[in-house]
Amino acid sequence: MGEEGGQATVLIRIESVDSNSSRIDVAIDTPDKTINIGGTPMVVDEHKIQMGFRKGMAKYAEAVRDGKSRASSLAAASEILDMAAVIVDDSSMDLAQRLESNPELGYKLANSMGG
């Protein structure tokens, strides 16, 4: 679906199922990208991003149902969408690869931004 060097499209549909529940569906269109995670090359594609987002939303729904904190599940879903953004931006992808291979660079960058 996605084109190399193209853009990411994220469509999120929320629909009411009944008075106590809703259904969230997501469609993500991104180019496939090979990245190194922990030194292992992996292909990140739209299917993996969709599945990660769906799992995060399922955890969110479970937290709402059980009256627990929803912050960590929303953060996980946000990270998945961040990944889609990084995949289509080559300069961000290059930075992410450099940070993954050189954690010290990440600390320096965070400190330079007051983090």
Atom [atom1] of [X] and atom [atom2] of [Y]: how far apart are they, to the nearest 0.5 Å?
| X | Y | atom1 | atom2 | result |
| --- | --- | --- | --- | --- |
| D32 | H47 | CG | NE2 | 11.5 Å |
| R54 | D25 | CZ | CG | 5.0 Å |
| T30 | D45 | OG1 | CG | 7.0 Å |
| I28 | K48 | CD1 | NZ | 14.0 Å |

For residues 59-69, run the donor-acceptor check on the side chains, cut-off 3.5 Å, and write out each pair with its distance to 0.1 Å, sequence neighbours left out.
residue : atom : partner : partner atom : Å
S69     : OG   : A71     : N            : 3.4

I12 side chain reached by F53 side chain, heavy atoms, under 4.5 Å:
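The answer is yes, as the side chains (C-beta and beyond) meet within the 4.5 Å cut-off.
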Please enumerate all residues that pass side chain to side chain donor-acceptor pair (under 3.5 Å) together with R23, with sequence neighbours excluded.
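Checked R23 against side chain to side chain donor-acceptor pair (under 3.5 Å); zero matches.
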Quick check on the hydrophobic clustering: are I14 and L11 connected, directly or via other members, by side-chain heavy-atom contacts under 4.5 Å?
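I14 does not cluster with L11.
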